[in-house]
Amino acid sequence: MDIKTYAKEHHVPIMLDEGLAFLLEYVKTNNVKNILELGTAIGYSAMNMAKIAEDIHIDTIEINEVMYNEAIKNIKEADLDKQIDVYLMDALAFETDKQYDLIFVDAAKGKYRRYLEHFKKNSKVFIFDNLEFHGIVDDPSMTHNRNTKALVKKIRIFRDEILNDPEYTCEYHKNIGDGVLLLKVN
Ligand code: SAH
Ligand code: MG
């Protein structure tokens, strides 16, 4: 089955087309070679980044075992397993001194602040996905969910703080995909 069709049928929140296009364009034009991804899901975004060039390497972290297994399978089938290493664990438990050209953050949306603090030493550039959180906010069945409301509030606070923090230079693309933020550590 096509990976996008699988994502739709199993409600896997893979990146929206324009968001992915933005990410891939950044990787291409900035000659990005080493990437850390938080939130693998079924490997869709990682595989798309890896396909740009054979010398691109991605470490990607996924906490959910079902997703992890699906990602491993998809990556192997696409013959991209030499370029992509998938780690089954909580992103915040991943410790490394490695330097990445880019960290793509797409795991737990309420933990973006903690991810940034945890991985700040590992990269000067971060891209965050889902800062608009349309995927769920626009889903009527979840609109009155208190947890979702709290989560959306958390995302908004993170966004406002980060955009006004002199430590970072940010470019926020509200209308690209589900809201994509490019952050550079000054
Ligand atoms: N980047 C993927 C989509 C990721 S969806 C793509 O565009 O193709 C978000 C994923 O993050 C989910 O699979 C979820 O299980 C995972 N996740 C949530 N919390 C996490 C955590 N603390 N550590 C690692 N992964 C996490
Ligand atoms: Mg996302």
Side-chain angles (χ1 to χ4, degrees), residues 1-27 32 35-52 56-78 80 83-96 100 102-119 122 126-139 142 147-148 150-152 154-155 158-159 172-183:
M1 191 197 289
D2 166 51
I3 192 164
K4 261 173 125 174
T5 312
Y6 178 96
K8 202 166 233 164
E9 284 183 7
H10 293 80
H11 305 286
V12 180
I14 59 169
M15 219 182 181
L16 298 175
D17 291 344
E18 317 94 79
L20 181 65
F22 177 87
L23 179 67
L24 300 183
E25 189 58 29
Y26 184 87
V27 171
V32 168
I35 303 165
L36 174 65
E37 176 182 71
L38 315 183
T40 317
I42 58 176
Y44 178 71
S45 50
M47 288 165 66
N48 275 285
M49 290 191 281
K51 279 182 204 157
I52 292 172
I56 288 175
H57 187 272
I58 302 156
D59 286 330
T60 180
I61 312 169
E62 174 54 52
I63 200 169
N64 179 305
E65 197 169 357
V66 176
M67 296 280 190
Y68 168 86
N69 287 329
E70 194 62 29
I72 292 285
K73 186 185 118 234
N74 289 333
I75 290 163
K76 186 136 189 63
E77 272 173 19
L80 292 168
Q83 282 177 259
I84 306 175
D85 288 321
V86 191
Y87 297 85
L88 175 61
M89 64 195 296
D90 186 321
L92 287 171
F94 188 84
E95 301 281 356
T96 180
Y100 295 95
L102 169 69
I103 299 184
F104 172 49
V105 185
D106 200 17
K109 316 307 169 200
K111 294 186 181 159
Y112 279 10
R113 162 65 65 186
R114 288 173 65 193
Y115 294 149
L116 179 60
E117 298 305 332
H118 187 82
F119 290 106
N122 301 105
F126 291 75
I127 290 179
F128 295 87
D129 188 30
N130 304 104
L131 289 169
E132 289 298 314
F133 216 61
H134 284 158
I136 292 184
V137 173
D138 292 344
D139 184 337
M142 295 187 90
N147 294 334
T148 306
L151 183 57
V152 170
K154 227 171 168 176
I155 294 171
F158 169 72
R159 220 173 57 189
Y172 182 44
H173 300 281
K174 185 181 169 64
N175 297 312
I176 295 183
D178 194 27
V180 179
L181 178 80
L182 171 64
L183 175 149

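Note: hydrogens, waters and symmetry copies are ignored here, and every other heavy atom, side chains too, is used. Read the numbers this way: they start at 1 and go in the same order the structure lists the ligands and their atoms. Because the structure is predicted, anything quoted here is derived from the model rather than measured.
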- I would like to know whether Tyr6 and Asn74 meet side chain to side chain donor-acceptor pair (under 3.5 Å); could you show each step before the answer? CA-CA 11 Å; Tyr6 178 96; Asn74 289 333; over 6 Å; no

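- Per residue Asp129, closest N, O or S atom to the Mg ion (ligand 2): atom name OD2.
- For Tyr115 and Phe128, the distance between ring centers is not under 6.0 angstrom.
- His10 places none of its side-chain heavy atoms less than 4.5 Å from the side chain of Glu70.
- For Lys8, the NZ atom is loosely surrounded, since the number of other residues' heavy atoms within 6.0 Å does not exceed 12.
- For residues 86-95, no residue pair satisfies the side chain to side chain donor-acceptor pair (under 3.5 Å) rule, not counting sequence neighbours.
- Within the 2.8 Å limit, Asn130 places at least one N, O or S atom next to the Mg ion (ligand 2).
- Checked against the Mg ion (ligand 2), the N, O or S atom of Asp106 at the shortest distance is OD1.
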Anything under 3.5 Å between an N or O on ligand 1 and a protein N or O? List each pair with its distance, or write none.
| unit_1 | atom_1 | unit_2 | atom_2 | d |
| --- | --- | --- | --- | --- |
| ligand 1 | 1 (N) | Gly39 | O | 2.9 |
| ligand 1 | 1 (N) | Ser45 | OG | 2.9 |
| ligand 1 | 1 (N) | Asp106 | OD2 | 2.8 |
| ligand 1 | 7 (O) | Met15 | N | 2.9 |
| ligand 1 | 7 (O) | Ser45 | OG | 3.3 |
| ligand 1 | 8 (O) | Ser45 | N | 3.1 |
| ligand 1 | 8 (O) | Ser45 | OG | 3.3 |
| ligand 1 | 13 (O) | Glu62 | OE1 | 2.8 |
| ligand 1 | 13 (O) | Glu62 | OE2 | 3.3 |
| ligand 1 | 15 (O) | Glu62 | OE2 | 2.6 |
| ligand 1 | 22 (N) | Asp90 | OD1 | 3.2 |
| ligand 1 | 22 (N) | Tyr115 | OH | 3.3 |
| ligand 1 | 23 (N) | Ala91 | N | 2.9 |
| ligand 1 | 25 (N) | Ile63 | N | 3.3 |

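- A side-chain donor-acceptor contact under 3.5 Å links Glu62 to the backbone of Ala41.
- Proximity of a side-chain donor or acceptor of Tyr112 to a complementary backbone N or O of Asp129 within less than 3.5 Å is detected.
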